[in-house]
Peer 1: 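Please find one structure pasted underneath; my questions will follow.
No experiment lies behind these values; they were computed from the predicted model shown. The first residue of the sequence shown is numbered 1, and numbering continues consecutively from there.
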Amino acid sequence: FPVTIWKMETLLENRAKYNQIFINCFGIEEDQISAELSYQSIDAWDSVGHMSLIGELEDEFQITMDIDDIIAFSSYDEGVSILKKYDVEI
């Protein structure tokens with residue numbers, strides 16, 4: 001039982017961190033974060049913004065993504081799936 005509560009708290013903390021990285025990198029409001037948020041769907045998510053996002057995620061979650069995952073990280077939801085490969089549950 002305590003493990004389940006701890007896992008829920010970790011998931012909520014990771015989701016909050018994940019969202020904050022998008023907010024900081026792209027200068028958006030939290031209500032702009034959705035499944036539709038994707039590469040080039042907003043002006044700030046261009047190639048430079050993309051690398052900034054990846055760098056922030058790697059720093060926050062202490063991971064190093066493979067180049068294939070960096071390229072495949074094309075949307076908010078896809079990012080959640082990719083981070084799972086690095087044992088980061090969002």
Peer 1: Can you list everything that forms a ring pair (Phe, Tyr, Trp, His ring centres under 6.0 Å) with F26? Sequence neighbours excluded, please.
Peer 2: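 Testing F26 for ring pair (Phe, Tyr, Trp, His ring centres under 6.0 Å), a comparison that skips the adjacent residues, returns F22, W45.
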
Peer 1: Report, one line per pair, each donor and acceptor closer than 3.5 Å where one atom sits in a side chain of residues 61-71; sequence neighbours left out.
Peer 2:
from: D69; atom 1: OD1; to: K85; atom 2: NZ; distance (Å): 2.6
from: D69; atom 1: OD2; to: K85; atom 2: NZ; distance (Å): 3.3
from: D69; atom 1: OD2; to: Y86; atom 2: OH; distance (Å): 2.4

Peer 1: What is the minimum heavy-atom distance between L53 and F73, and which atoms define it?
Peer 2: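 Looking at all heavy atoms of both residues, the shortest contact is CD2-CE2, 3.7 Å.
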
Peer 1: Distance check, rounded to the nearest 0.5 Å: H50 atom NE2 versus S74 atom OG?
Peer 2: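 Going from NE2 on H50 over to OG on S74, the span is 8.0 Å.
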
Peer 1: Checking N19 now: which residues fulfil side chain to side chain contact (heavy atoms under 4.5 Å, CB included) with it, not counting sequence neighbours?
Peer 2: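 Expected list: R15, E30, I33, Y76.
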
Peer 1: Between I42 and I28, is any pair of side-chain heavy atoms under 4.5 Å apart?
Peer 2: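 When only atoms from C-beta onward are counted, I28 and I42 do touch, with a gap below 4.5 Å.
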
Peer 1: Quick check for you: to the nearest 0.5 Å, what is the distance between I82 atom CD1 and I90 atom CD1?
Peer 2: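 Taking CD1 in I82 and CD1 in I90, the distance rounds to 12.0 Å.
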
Peer 1: Once you round to the nearest 0.5 Å, how far does CG of D87 lie from CD of E89?
Peer 2: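 So the gap between those two atoms works out to 7.5 Å.
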
Peer 1: Please list all pairs passing the salt bridge (Lys or Arg N to Asp or Glu O under 4.0 Å) test where one or both residues lie in residues 49-59, with sequence neighbours left out.
Peer 2: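 The answer is none; no pair qualifies.
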
Peer 1: Restricting to side chain to side chain contact (heavy atoms under 4.5 Å, CB included), what partner residues turn up for S41, sequence neighbours left out?
Peer 2: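 So S41 forms a side chain to side chain contact (heavy atoms under 4.5 Å, CB included) with L37, S38.
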
Peer 1: Please say yes or no: joined through hydrophobic side-chain contacts below 4.5 Å, possibly via intermediate residues, are L12 and L57 part of one cluster?
Peer 2: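 No, L12 and L57 fall in different hydrophobic clusters.
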
Peer 1: Quick one: list whatever passes salt bridge (charged side-chain N to carboxylate O under 4.0 Å, His left out) with E60, sequence neighbours left out.
Peer 2: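 Salt bridge (charged side-chain N to carboxylate O under 4.0 Å, His left out) list for E60, sorted by chain: K17.
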
